[in-house]
Amino acid sequence: YRFLQAAGGTYTVVGSEELGAPHPTAQVYNLADLDDDHDQAAALLRIATGVWDAQLATLTPRVLIVDEGWLFGLSDAGAMFLERLARQARSAGLVLVVCSQLVGDFLDHPRLRSVVKNADVAAILAQESSEVDVVAERLALGDAARAFLRTCRPVPSSVTDAHERRGLL
């Protein structure tokens, strides 16, 4: 939010209304008022499509950060769009960052798994213990990467862990 303010951007709480064009400098969309996962997924697709169309019109270097990326997998249209975006973003000057705590759901969907495979960089940070081995398996990590990924597991209630977590790039 501080970056948004510094950039003079716009913060929009999404409901059922039509969304205007994204702010040219910085735009945040909040989906918290949409209770249903499928409504959130539909809104996320509308937002991403609008950002993509605006990006193609300007080709100005931008970053698109999508939180809760697993929502794209709730519809075929959403998954297909995110896969296309992952493949074509660089050619439009767009850096795509997709975040998801539901790593298993993301990697189980064939189109969303393709998003990971098309990424130049995959960052896995502070995964819950139960997810570490799932991520290592699904990304077919080698022994050294698996060992390092296990160091990213947070220990519940550890202040030291909270400040010193490492990740895998």
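Predicted model, so just to flag it, every value in this text is computed and none were measured.
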Peer 1: Using a 6.0 Å cut-off, check whether atom CG of Asn30 has over 12 heavy atoms from anything other than its own residue.
Peer 2: yes
Peer 1: With ILVMFWY side chains joined below 4.5 Å, transitively, what does Val63's cluster contain besides itself?
Peer 2: Ile65, Val95, Val97
Peer 1: Quick one: list whatever passes ring-ring contact (aromatic ring centres under 6.0 Å, His included) with Tyr1, sequence neighbours left out.
Peer 2: Tyr11
Peer 1: Please report the closest heavy-atom contact between Val115 and Ala86, naming both atoms and the distance.
Peer 2: CG1-CB, 3.9 Å
Peer 1: Would a 4.5 Å heavy-atom cut-off, applied to side chains only, mark Val98 and Leu112 as touching?
Peer 2: no
Peer 1: So how far is it from Leu96 CG to Trp52 CH2, rounded to the nearest 0.5 Å?
Peer 2: 9.5 Å
Peer 1: Can you tell me if CG on Asp36 sees more than 12 non-hydrogen neighbours from other groups inside 6.0 Å?
Peer 2: yes
Peer 1: From Asp39 CG over to Asp33 CG, what is the distance, rounded to the nearest 0.5 angstrom?
Peer 2: 11.5 Å
Peer 1: Supply the atom-to-atom distance Leu56 CG to Leu94 CG, rounded to the nearest 0.5 angstrom.
Peer 2: 9.0 Å
Peer 1: Check Gln40 against Leu34 and note the closest heavy-atom contact, atom names and distance.
Peer 2: NE2-O, 2.7 Å
Peer 1: State which residues pass salt bridge (charged side-chain N to carboxylate O under 4.0 Å, His left out) with Asp53; sequence neighbours excluded, sorted by chain then number.
Peer 2: none
Peer 1: Rounded to the nearest 0.5 Å, how far apart are CD of Gln55 and CG of Leu85?
Peer 2: 9.5 Å
Peer 1: Identify whether Ile47 and Leu64 are in the same connected component of the hydrophobic contact network (ILVMFWY, side-chain heavy atoms under 4.5 Å).
Peer 2: yes
Peer 1: Sequence neighbours left out, cut at 3.5 Å: what donor-acceptor pairs do the side chains of residues 67-74 make with other protein atoms?
Peer 2:
unit_1	atom_1	unit_2	atom_2	d
Glu68	OE1	Trp70	NE1	2.8

Peer 1: Taking all heavy atoms of Thr10 and all of His23, pick out the closest pair and write down the distance.
Peer 2: OG1-CD2, 3.1 Å
Peer 1: Which heavy atom of Phe81 sits nearest to which heavy atom of Ala48, and what is that distance?
Peer 2: CE2-CB, 3.5 Å
Peer 1: Do the side chains of Leu4 and Val66 join up, straight or via other hydrophobic residues, at under 4.5 Å, putting them in one cluster?
Peer 2: no
Peer 1: Contact between Val51 and Arg62 at the side-chain level, heavy atoms closer than 4.5 Å - yes or no?
Peer 2: no
Peer 1: Show me the pairs that pass salt bridge (Lys or Arg N to Asp or Glu O under 4.0 Å) and involve residues 82-91, at least two apart or across chains.
Peer 2: Glu83-Arg87, Glu83-Arg111, Arg90-Asp120
Peer 1: Could you identify which residues cluster with Phe3, counting Ile, Leu, Val, Met, Phe, Trp and Tyr as linked when any side-chain heavy atoms lie under 4.5 Å apart, either directly or through a chain of such contacts?
Peer 2: none
